[in-house]
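Just so it is clear, the model here is predicted, and its values are computed rather than measured.
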Amino acid sequence: MVRKMLAGVLVVVGALLSGGCKDDKPAHAAAVPTTAVPISSADLKPDGSLTDGGVSKIAAQSAAPHVTVVFSRVPVSDRALPQIAKFPNVKRIDAAGGRITAAGAEKFKQTNPDVDVAR
């Protein structure tokens, strides 16, 4: 019984070592470096839109090929989305704990389909 179990383990290990179990990404595909832009409460107006300083933070990093705007537990609202849409290299908005609505995210995605909005 132990020999059969060991034989099964060796088959699995052999498959892994020989490349028998591969993920969907080609071996030559490199990860795209992401530039994170952290936005704090100080970068927001009371209505949840970005202040000029918040927009400037994104603008300063907007030349990077893949930008993620991070609102960590910041009360960002739908009003900030059109401000962010001006930056084509923003590929993700991480607004967990914010006030972005499902309707606001959906409307934003209609004109910015390549941007992932995590709310």
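Distance check, rounded to the nearest 0.5 Å: CD1 of Ile84 to CD1 of Ile58 gives 5.0 Å. To the nearest 0.5 Å, atoms CZ (Phe71) and CG (Leu50) are separated by 5.0 Å.
Shown here are the side chain to side chain contact (heavy atoms under 4.5 Å, CB included) partners of Gln61, two or more places apart in sequence or in another chain: Thr35, Val37. Applying the side chain to side chain donor-acceptor pair (under 3.5 Å) rule to Thr51 yields no partners; only residues at least two apart in sequence or on another chain are considered. Shown here are the salt bridge (Lys or Arg N to Asp or Glu O under 4.0 Å) partners of Asp78, two or more places apart in sequence or in another chain: there are none. In terms of the salt bridge (Lys or Arg N to Asp or Glu O under 4.0 Å) criterion, Arg73 has no residue partners (sequence neighbours excluded).
Within the 4.5 Å cutoff, side-chain heavy atoms of Pro75 are placed close to those of Ser41. In this structure, the side chains of Gln83 and Ser49 come closer than 4.5 Å at one or more pairs of heavy atoms.
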Show every donor-acceptor pair shorter than 3.5 Å between a side-chain atom in residues 85-94 and any protein atom, with sequence neighbours excluded, or say none if there are none.
residue	atom	partner	partner atom	Å
Asn89	ND2	Ser62	O	3.0
Asn89	ND2	Ala64	O	2.9
Lys91	NZ	Pro88	O	3.2
Arg92	NH1	Asp116	OD2	2.2

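The list of side chain to side chain donor-acceptor pair (under 3.5 Å) pairs with a residue in residues 104-114, not counting sequence neighbours, is empty. For residues 33-42, there are no salt bridge (Lys or Arg N to Asp or Glu O under 4.0 Å) pairs, not counting sequence neighbours. The salt bridge (Lys or Arg N to Asp or Glu O under 4.0 Å) pairs that include a residue from residues 33-49 are Asp43-Lys57, Asp47-Arg79, where partners are two or more places apart or lie in different chains.
A donor-acceptor pair is defined here as one N or O able to donate and one able to accept, closer than 3.5 Å; such a pair exists between the side chain of Arg119 and the backbone of Ile100.
Between Val117 and Ala105, the shortest heavy-atom contact is CG1-CB, 4.0 Å.
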